[in-house]
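Data block below; observations after.
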Amino acid sequence: MWLRNNAVAATAALAVVLIAAAVALIFFWVPEDADQGFSQKIFYFHVPLALTAYACFGWGALKAFLHLWKRTPGADLESYVAIHLGVIFGALTLITGSIWARASWGVWWSWSSQQLVLFLVLFLFYSAYFMLRFSVDPGPGRANISAVYALFGVVLIPVSFLAIRLAQDFIHPVVFSSEGPRMAGSMFFTFCVSWAAILALASALYRIELAGKRLDTSLRELREALE
Amino acid sequence: MRRYATDVYTLARKDLLLELRARNTVPAMLLFVVATLVVFHFALPASSGNKAAYGLLWVALVFTALLGLVRSFAAERDQGLLDGLVLAPCDRSAIWLGKALAMLAFLILAEVVALPAFSIFFSGVDGTTVAGVALADLGICAVGTLLAAMAAASRARELLLPLLFLPLAIPIVIGGVGASVVADGGRYLGLLAVYDGIFAIICWASFEYVVTE
Amino acid sequence: MRRYATDVYTLARKDLLLELRARNTVPAMLLFVVATLVVFHFALPASSGNKAAYGLLWVALVFTALLGLVRSFAAERDQGLLDGLVLAPCDRSAIWLGKALAMLAFLILAEVVALPAFSIFFSGVDGTTVAGVALADLGICAVGTLLAAMAAASRARELLLPLLFLPLAIPIVIGGVGASVVADGGRYLGLLAVYDGIFAIICWASFEYVVTE
Amino acid sequence: MIRAHGLSRRFGAKRVIEGLDLDLERGDFLVVTGANGSGKTTLLRLCAGLLAPTAGELRVETGRAGIGFLAHEPLLYRELTALENLDLYGRLYRIPEHRERSGMLLERFGLWRVRNERTGSFSRGMVQRLALCRTLLHEPELLLLDEPFNALDAEGTELLAGELEELRPGRTFLVATHDPARLAGLASGSLALA
Amino acid sequence: MIRAHGLSRRFGAKRVIEGLDLDLERGDFLVVTGANGSGKTTLLRLCAGLLAPTAGELRVETGRAGIGFLAHEPLLYRELTALENLDLYGRLYRIPEHRERSGMLLERFGLWRVRNERTGSFSRGMVQRLALCRTLLHEPELLLLDEPFNALDAEGTELLAGELEELRPGRTFLVATHDPARLAGLASGSLALA
Ligand code: HEM
Ligand SMILES: Nc1ncnc2c1ncn2[C@@H]1O[C@H](COP(=O)(O)OP(=O)(O)OP(=O)(O)O)[C@@H](O)[C@H]1O
Ligand SMILES: Nc1ncnc2c1ncn2[C@@H]1O[C@H](COP(=O)(O)OP(=O)(O)OP(=O)(O)O)[C@@H](O)[C@H]1O
Ligand SMILES: [Mg+2]
Ligand SMILES: [Mg+2]
């Protein structure tokens, strides 16, 4: 009961705890990487961020689908918020990634890695989502258009990845290959914890922003009612 | 089924007729293609190999298409005519398909000019390239038309479409360039085909929501 | 004289307002440029040299210019607004100048984003290139605006717009590309400058006859 | 024919139609009046399915083929001739003998002479007449007419009044207008928006 | 104010206005009537200088600054707000206190409330009202009004009638309309085109 009422607070708390745990594990427990040394630790942020970004995009697309299919009220707003978060986490991925690139490749950005470029493409795609959304008058029409565009996103991601796999690139490492993670158990555990932490953070932010948006819409209604 | 086909035909024919009257799409596309070829003629001395030439060709094609797409819903938008089509009892996806086909016609027209010119000035275009272009056209028109409808509903219009379209066009560019540059372009043709298939389906399924509330 | 200036300013400001009204143009430009660069990246194998890259740069510029021109008189044409401007007591050439300046602002904005990005990702742009771009912008805006006005002014003339633009645009492109790729671009810059001068005057003088009967 | 319950539509924060209840039987002729900006067009667009309600429910008991909507915009292609426009709609609505009906309507609304001229060159009244042809082409059972008499000359007004008279039986009308007096004879009810 | 002699205008082969003689003194109020497509708009556009005669001569004794033309199209930018539109024209016509006049006119025509909304979102009547504001903004001495009452509600019609009443003295009017009765009180003459 308490949980349902204070879902926001609960997830927020969970996120804090997990993040603390993850940081502790990363910096005090997990052994340093053999060849990359300290800089490899950014891996525990970088990859979870990236995967969480994907998760957000997926969630946004799901909500979009619900809006189109079932007309679920509020689904449009939820989809928007999810994609918004996705873009934020995507930006963080780009940043951590390029920091790591600076550390281990010596350059901030490498066009030679299709992985990077394609992530950039997705990032562009979802930035355009905002352009679209903010240049259409609010209303049912905008909700539909945004939703359709969001659906395009989840289709674009796999297609793009197919494209990269064709144009194989070598620089950007592939850890999660078909025969499971190629890394030490301790590393994998830490990775999982930090991923859980980031996910928790994402969902907390998601709920908070939603609550906020809902609040000020209802406030506006109130103000109008009073006038 | 036949009804659907006739609707699509009617709508596409209407667009071709309009273009014949007002001519505000094809000439712009042709102009752009020619201009780009001229640019290449200067920018590509014999030294730089086919690869670069093919790359430029693909850039030219994508942007030419974009230039055409920008205008594709102009008539409907300016006069609120989309309402008229949306009110008609035919399936809304037919509107999309009709536009896409008309667009395809324009694009092919532009390429009928561009490819021979290209093969004269630079390097002959082989079968796979042509196949790649054909497949790419399908994808471009399918996706582009839907995005153009979105852009038409927005206030940014012409400016918005490139933003929406280019990220989605990347796989096409990869596939197309690959098909024409790499020795065995088969894989890339496959990629293009897959792209066309998937996006054609979701465009077909989702267009209705773009034009209705 | 001052009145003329204020008229031009008013009209240009109106266009920029329309530009900025619906959307946040600057981020849009940024997105557009980056997206274009990504497309280029996939189109152009790393091997191919600067010149090819310059070719792409110019393709992009021509595209942006055309995109701008297609929409430059869109608002006026759709709603017969040219009448409103023609009726106003200000000198008609001010309408042309205002539009051209707005166009120029639009282009320059795009290039201010594009050139640095280009020089980062591909190869540094030297002085002559910048000069070439600048001169080309002037020419494109001057001529393009006039022709766009023809399109907006009456249907009969619309057919001519792109057909005219073709021969008129090619020298600009040649001049610009030449300036940036050829060793001593000076001659080309000269060509561009002359071109701009002549056509600016012609357009300025002839605009009135385009928009009135 | 049309059932609305608590129908509301807003544009952004602006409430245009608020909690409207409407019940239109087949054969009714409802005249919608109201000041400029009171929501007549919005109501008609809602009924036509061009706008979605932001709240409340709206049921229209006829397919799109049964609706004839005369909007503020003529919904005609300027580049096409009168005949080509009607032909387009005739095909889209799958009217069996649309050619004949086009000819008949053009003649009836006095446009036969100009059937092969670009609609873009028409005068305002001629455009309105052609828009009326377009609306009646497929013999709709539900007619949504937004200021149908707009821009018509005296003769055109007569013409349209007669036409409505003729169509009246068995069909349902929702007509927005600024002088209801002209429709007094036909109206079975009226709705004043504020 | 306006002198026309053997004024003719064709579009292609089509003769719209043929050998029209017109002599309008300052202070006259000419009501132009005629069926749809009879050439009212064409005549007004000729007088405004938007069309050139194909034959005959036409002299209008006032500069462009002195002409106020209300056309079929509102001549407003959809993307701009009401205020921005008036501001634009105010500057182009170099009206000394155009801000104040804009405010006054918006208030008078009941658009003050929506002065900062995009004109594109206006209802038809609101657009017509704003177009009237635009026409009167620079206090023209020659007013060319093409169906000024079009799309106005009862209140708007009152409003405009009163406005014309007020402007009448010293100004010259050329008004095309489909019900001259409404202008009977003001008209000093009438011209029926066929
Ligand atoms: C701006 C630069 C970078 C970006 C945008 C980027 C982006 C991404 C993305 C989107 C993922 C998740 C997708 C996937 O798992 O395939 C990922 C995973 C990963 N990245 Fe990066 N990355 C960047 C730089 C780097 C660098 C410099 C390294 C290390 C040298 C690195 C190491 C990894 C690893 C190990 C993974 C997990 C591998 C896998 O999932 O198969 N990344 N990166
Ligand atoms: N797309 C839109 N965006 C924002 N506001 C709108 C939109 N469409 C209409 N409105 C507003 O809704 C209100 C009603 O408009 P509507 O066109 O329904 O009025 P109307 O009764 O048809 O008026 P008129 O008699 O002038 O035609 C107006 O205030 C208008 O500003
Ligand atoms: N640009 C044009 N090209 C060809 N014909 C035209 C053009 N403009 C007007 N016409 C023709 O001139 C005739 C008169 O048009 P006009 O608009 O002056 O009529 P009107 O008296 O204003 O009619 P309404 O009462 O419907 O407004 C019409 O037959 C129309 O087809
Ligand atoms: Mg209305
Ligand atoms: Mg008229």
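Only a predicted model underlies this, so the values are computations on that prediction, with no experimental measurement involved.
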Discussion item. I'd like to check E/R94 versus C/D7 (side-chain heavy atoms, cut-off strictly below 4.5 Å). Are they in contact?
Written reply: yes
Fill in: CG-OG1 distance between E/L50 and C/T212, expressed to the nearest 0.5 angstrom
9.5 Å
Worksheet item: Is the backbone N or O of C/A88 less than 3.5 Å from a side-chain atom of E/R64, with the two atoms forming a donor-acceptor pair by type?
Response: yes
Item to complete: Check whether any side-chain heavy atom of C/L11 lies under 4.5 Å from a side-chain heavy atom of E/L92, and answer yes or no.
Response: yes
Item to complete: Supply the atom-to-atom distance C/L87 CG to E/L75 CG, rounded to the nearest 0.5 angstrom.
Response: 7.0 Å
Worksheet entry | Pick from E/G49, E/A52, E/G63 with the largest number of heavy-atom pairs that fall under 4.5 Å of chain C | E/A52
Fill in: Under 4.5 Å from any heavy atom of chain E - which part of C/R3
both
Worksheet item: CG/C/D83 to NE2/E/H72 distance, rounded to the nearest 0.5 angstrom?
Response: 12.0 Å
Discussion item. Which heavy atom of E/Y77 sits nearest to which heavy atom of C/E76, and what is that distance?
Written reply: OH-OE2, 2.5 Å
Worksheet item: Is there a side-chain contact between E/R91 and C/R13 (heavy atoms, below 4.5 Å)?
Response: yes
